[in-house]
Amino acid sequence: MDTLTTIMERRSVRTYRPDPIPDADLARILEAGRQAPSAANRQPWHMVVIGEPELKRRVAQACNNQLWIADAAYVIVAAGNPQVTERWYKVDVAIALQNMVLAAASLGYGTCWIGAFDGEQVRSLCGLPEHLAVVACTPLGVPAAHPPARQRKPWKELFSRDRFGEPLGLEHGQ
Ligand SMILES: Cc1cc2nc3c(=O)[nH]c(=O)nc-3n(C[C@H](O)[C@H](O)[C@H](O)COP(=O)(O)O)c2cc1C
């Protein structure tokens, strides 16, 4: 799938089939994260790819009991190192994870950004060292459904031309 189609077709997937993901596809998705840009190319992240069923279940519990997360083939825990760059580490982790989310979507897999979690619990469950902070998680698996697109704010709330509040005047926006 080309990049723009992938962006438009990606959804937060909350129902998964139990099917496995071939290692070659998993590797492509992780490599997409590895190629992400980061401030001063510091790459201050570490992603834990959890496939063990019981561990997935316990991480899902630590994610506000969103137990459906554990139905996916993997749960990915995205952590960052604030000691490397206090200012940018969350942005860097987010860019890397979104690269992976889009790579997964382009290969037909589902993901869902998860921000509701107990960071200490998730960190200890996957054995992350103290200096790494959990930024987000996502399930990664074969979707059981393709959810409808969710509503987005109108263009005028999101974009301005030259100065705040000035309309863009684009044919397909407002
Ligand atoms: C930082 C962040 C945290 C999120 N946390 C959760 C979450 O804990 N549980 C959940 O079901 N969805 C979560 N979402 C998914 C959003 O609800 C979803 O992206 C939004 O409703 C738009 O839907 P879409 O992704 O299908 O376009 C999160 C998304 C982001 C970006």
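All ligand and atom numbering here is 1-based and tracks the order in the structure.
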How far is [atom] from its nearest protein heavy atom, and which residue and atom name does that atom have?
| atom | result |
| --- | --- |
| atom 26 (O) of ligand 1 | Ser12 N, 2.8 Å |
| atom 1 (C) of ligand 1 | Trp113 CE3, 4.1 Å |
| atom 20 (C) of ligand 1 | Arg150 NH1, 4.2 Å |

Next on the checklist: For Glu54, is the CD atom crowded, meaning more than 12 foreign heavy atoms sit under 6.0 Å from it?
Outcome noted: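 Yes - once you tally the heavy atoms of other residues, nucleotides and ligands closer than 6.0 Å, there are more than 12.
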
Checklist entry - Taking everything shown except Arg28 itself, do over 12 heavy atoms lie less than 6.0 Å from its CZ? => result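 At most 12 heavy atoms, drawn from other residues, nucleotides or ligands, come within 6.0 Å of this atom.
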
Item to check | Per-residue contact class, Cys112 against ligand 1 - non-hydrogen pairs under 4.0 Å | outcome: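 It is the side chain that touches ligand 1; the backbone stays farther off.
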
Under 4.0 Å from any heavy atom of [X], which atoms of ligand 1 are there?
| X | answer |
| --- | --- |
| Arg14 | 10 (C), 11 (O), 12 (N), 15 (C), 16 (C), 17 (O) |
| Arg11 | 26 (O) |
| Gln66 | 7 (C), 8 (O), 9 (N), 10 (C), 11 (O) |
| Gly115 | 3 (C), 4 (C), 5 (N), 6 (C), 7 (C), 8 (O) |

Item to check | Arg152 to ligand 1, any heavy atom closer than 4.0 Å | outcome: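 Yes; Arg152 lies near enough to ligand 1 that a heavy-atom distance drops under 4.0 Å.
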
Checklist entry - Short question: side chain of Gln98, backbone of Ile95 - any donor-acceptor pair under 3.5 Å? => result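 No; judged by distance alone, with no hydrogens or angles, the pair does not exist.
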
State, yes or no, whether a side-chain contact exists between [X] and [Y] at a heavy-atom distance under 4.5 Å.
| X | Y | result |
| --- | --- | --- |
| Ile76 | Ile50 | no |
| Leu102 | Met100 | no |
| Leu140 | Leu26 | yes |

Next on the checklist: I'd like to know if Arg34 and Glu31 make a salt bridge, using a cut-off of under 4.0 Å between side-chain N and carboxylate O.
Outcome noted: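 Between Glu31 and Arg34 there is a salt bridge, with a charged N closer than 4.0 Å to a carboxylate O.
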
